[in-house]
Amino acid sequence: MKFEHLLEHIEYKRIQGSTNIEISTLEKDSRLVQKDSVYVCITGVKADGHHYIQDAVLKGAAVIVTEQEIEIPYPVTQIQVRDTRAALAFMAAAYFGYPADQLKIIGITGTKGKTTCAYMTKAILELAGHKTGLIGTIETIIGEETYPALNTTPESLTLHHYFQRMVQEGCEYVVMEVSSQALMLKRTIGITFEIAVFTNLSADHIGPGEHTDFEQYKQCKKLLFQQCKCAIANVDDPSFCDMFKDVRCRIVTYGFSNAADFYASDMKPVIQGDSLGTVCQIEGSTKMEVQLSIPGIFGVYNALVAIAIGTYYHLPNEVIQTALRTVTVKGRTEIIEGTKGYTVVLDYAHNAVSLKNLLSAMKAYQPKRLIALFGCGGNRSKLRRFQMGEVSGKMADVTIVTSDNPRFERPEEIIEDICTGIQNVKGRYIAILDRKEAIRYAITNAKEGDIIVIAGKGHEKYQEIQGKKILMDDKVIIESILKEKIGACNTCMQT
């Protein structure tokens, strides 16, 4: 491939060398550079790619793309651009043959609900016979292959590679979560989204290495709606008017307000054995009754997104209803099977707003006791710990405080902060440092009619401790303890 082909949509200054040369690979990591690679210098939070130019040259790079004019040995070609992140995104699209242009791309942004909306939408499209790829917080799905996620939205180079793979696999659609970080870091620049979804907005991802404040966070989210044909937006969210004040694309709304294009009414909790679900009526641009295998009001909000997308593509109501009746999502109000008389719910809720919404949803099922088990991540805002403690102290009958991802902090100090929040509202709690033992305590002491919420990690399969990721999967732990409990019961009955 000729290097000049990668420059089709980029403004640049040629410092030295030729653009009419053959190149092998496109890289942003100097460690992956090989003979005749193009190396793009990206400035990140922890490292600046410009510092590794000599390494790339020694490995045989044919082209270096920089933001500054830097002395580089001739005859290596140097291209200077204003923003290497944006340049990488456009070059990646060209390098992989513009695969995004061959897909109908649905992007979902918002503080909460992105993952569930994505899986619901994929389920509907695939049941209707449309092969659909998925890119999100949990995993990327391409045909029969799945890849664990490193970021909610991958770097542009990886993203366009995934698009290429999806085209090769015969995908018509791709449903993807689009994070504020990805929008800020230009990972999706140049992509035209057929549909872009706004779920909701609350303060999150604000701090060092993320967003400086809530306003910047919101403005980054808004960028998605400057590159889509149609927006599907939550009209009930307080930020709706501000988010869409200057948006020029078509806007379709959803919510519980009857002013929305798609709105829900008559929502009722449904209990089937140990499983929790929801039934409601959908009104407005379409009319149907839907039953969800996901509990709570936010399950309905997410379903409204999927219904609006299904209707946009003229899919039959029966297909939409069938898909929504069965779809579940890993670690998102996931009901664990194998309990007897009580319910265990696994969820990713890791801030006060999410935890409050989760516990509110569970209270609608009138449990005998609502038990909340969670911790907080280290090297994050201390305020989150106090707030989560206060929420659980007010809403749960018992809180079990444990470790989450302590990172480089002492887990005992994080737990102490959470307990301070619970004490502020005089809530009942117990602190158990070891997360596995905390889960064991919750399940061993469960009584008929209880709902146990195990929050914070959801689909994650590790704990971050002192810079290392230690294998730990809440679902595997829960299922193991349930088997032990059943085995112990059987032994008791035999004796």
Side-chain angles (χ1 to χ4, degrees), residues 108-124 136-138 152 175 177 179 197-204 221 232-240 243 253-257 260 262-271 275-282 290-309 320 323-335 343 345-365 367 370 372 374 388 391-392 395-396 451 453-459:
I108 305 169
T109 199
T111 305
K112 301 180 294 293
K114 298 185 293 296
T115 302
T116 303
C117 287
Y119 279 88
M120 285 179 165
T121 301
K122 183 179 188 294
I124 290 170
T137 304
I138 298 175
T152 295
V175 186
E177 299 179 50
S179 68
V197 175
F198 168 67
T199 61
N200 48 65
L201 199 66
S202 58
D204 202 5
K221 292 286 189 190
I232 295 177
N234 179 358
V235 74
D236 295 345
D237 191 86
S239 295
F240 168 78
M243 285 286 293
T253 58
Y254 71 92
F256 277 76
S257 164
F262 294 84
Y263 64 94
S265 62
D266 298 326
M267 187 184 89
K268 298 172 185 175
V270 175
I271 302 175
S275 293
L276 311 178
T278 310
V279 65
C280 66
Q281 300 294 323
I282 305 300
V290 294
Q291 183 168 335
L292 311 176
S293 55
I294 295 174
I297 189 170
F298 275 88
V300 176
Y301 271 112
N302 297 331
L304 283 164
V305 169
I307 291 165
I309 292 170
I320 296 171
L324 292 178
R325 193 178 303 122
T326 57
V327 68
T328 57
V329 184
K330 298 174 187 175
R332 301 303 191 275
T333 52
E334 181 181 1
I335 310 301
T343 303
V345 182
L346 184 62
D347 196 81
Y348 189 54
H350 56 279
N351 62 34
V353 173
S354 296
L355 186 62
K356 182 179 180 180
N357 291 334
L358 176 61
L359 296 180
S360 294
M362 294 303 106
K363 286 179 89 66
Y365 295 90
L370 179 57
F374 67 93
M388 289 184 73
V391 164
S392 189
M395 302 186 70
I451 293 179
V453 171
I454 297 176
K457 297 188 65 61
H459 66 282

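None of these values were measured; they are calculated from a predicted model.
- Taken to the nearest 0.5 Å, the CZ atom of Arg325 stands 12.5 Å off from the CD1 atom of Ile320.
- The two atoms that bring Thr253 and Ala260 nearest to each other are OG1-CA, 3.3 Å, heavy atoms only.
- Residues that satisfy the side-chain contact (heavy atoms from CB on, under 4.5 Å) test with Pro269, not counting sequence neighbours, are Tyr365.
- Side-chain atoms of Lys363 do not come within 3.5 Å of backbone N or O of Leu359 as any donor-acceptor pair.
- Evaluation of the side-chain hydrogen bond (donor to acceptor under 3.5 Å, both in side chains) rule for Thr343 yields no partner, not counting sequence neighbours.
- Proximity of Val300 to Phe256: side-chain heavy atoms (C-beta onward) are separated by under 4.5 Å at one or more points.
- With sequence neighbours left out, the side-chain contact (heavy atoms from CB on, under 4.5 Å) criterion links Ser265 to Gln281, Glu283.
- Ile454 places none of its side-chain heavy atoms less than 4.5 Å from the side chain of Val345.
- Under the salt bridge (charged side-chain N to carboxylate O under 4.0 Å, His left out) criterion, Lys330 pairs with Glu139, sequence neighbours left out.
- The minimum heavy-atom distance between Ala349 and Asp347, with the atom names listed, is N-OD2, 2.8 Å.
- With rounding to the nearest 0.5 angstrom, the NZ atom of Lys114 is 11.0 Å from the CZ atom of Phe198.
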message: Let's go through Gln291 and Leu324 carefully: what are the C-alpha distance in whole Å and the side-chain angles of both, what is the deciding distance for side-chain contact (heavy atoms from CB on, under 4.5 Å) to 0.1 Å, and is it a yes or a no?
response: CA-CA 7 Å; Gln291 183 168 335; Leu324 292 178; over 6 Å; no
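- The side-chain contact (heavy atoms from CB on, under 4.5 Å) test applied to Thr326 returns no partner, not counting sequence neighbours.
- Applying the salt bridge (charged side-chain N to carboxylate O under 4.0 Å, His left out) rule to Lys457 yields the partners Glu460; only residues at least two apart in sequence or on another chain are considered.
- Here the side chain of Thr278 pairs a donor or acceptor atom with the backbone of Gly296 at under 3.5 angstrom.
- Between the Asp237 side chain and the Asn200 main chain, no donor and acceptor come within less than 3.5 Å of each other.
- Using a 4.5 Å heavy-atom threshold, the side chains of Ile124 and Ile309 count as separate.
- For Ala361, the side-chain contact (heavy atoms from CB on, under 4.5 Å) test picks out no residue, with sequence neighbours left out.
- Nearest heavy atoms, Ala455 versus Leu355: CB-CD1, 4.3 Å.
- Within the 4.5 Å cutoff, side-chain heavy atoms of Tyr254 are placed close to those of Ile232.
- Here the side chains of Ile138 and Arg332 are in contact, with some heavy-atom distance below 4.5 Å.
- One N or O on the side chain of Ser293 and one on the backbone of Val327 form a donor-acceptor pair closer than 3.5 Å.
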- request: Give the intermediate values and the outcome of side-chain contact (heavy atoms from CB on, under 4.5 Å) for residues Val290 and Ile307.
  value: CA-CA 10 Å; Val290 294; Ile307 291 165; 4.1 Å; yes
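- Residues forming a side-chain hydrogen bond (donor to acceptor under 3.5 Å, both in side chains) with Ser392 (at least two apart in sequence, or on another chain): Thr399.
- Residues meeting the side-chain hydrogen bond (donor to acceptor under 3.5 Å, both in side chains) test with Asp236, sequence neighbours left out: Tyr301.
- If you run side-chain contact (heavy atoms from CB on, under 4.5 Å) between Met120 and each of Val305, Thr115, Thr328, Ile294, only Ile294 comes through.
- Taking 4.5 Å as the limit, some side-chain heavy atom of Ser275 sits within range of a side-chain heavy atom of Ile335.
- The shortest side-chain heavy-atom distance between Leu358 and Thr333 falls under the 4.5 Å cut-off.
- Side-chain contact check for Leu276 versus Ile451: some heavy-atom pair is nearer than 4.5 Å.
- Evaluation of the salt bridge (charged side-chain N to carboxylate O under 4.0 Å, His left out) rule for Lys221 yields no partner, not counting sequence neighbours.
- Applying the ring pair (Phe, Tyr, Trp, His ring centres under 6.0 Å) test to Tyr348 and every residue at least two apart in sequence or in another chain returns His350, His459.
- Of the possible polar contacts, one joining the Thr199 side chain to the Lys112 backbone as a donor-acceptor pair under 3.5 Å is found.
- Considering all non-hydrogen atoms of both residues, Ile282 and Cys280 come closest at CD1-SG, 4.0 Å.
- Residues forming a ring pair (Phe, Tyr, Trp, His ring centres under 6.0 Å) with Phe240 (at least two apart in sequence, or on another chain): Phe244.
- To the nearest 0.5 Å, atoms OG1 (Thr152) and CD (Glu177) are separated by 5.5 Å.
- Side-chain contact check for Asn357 and Ser360: no donor-acceptor pair (N or O, by modelled atom type) lies under 3.5 Å.
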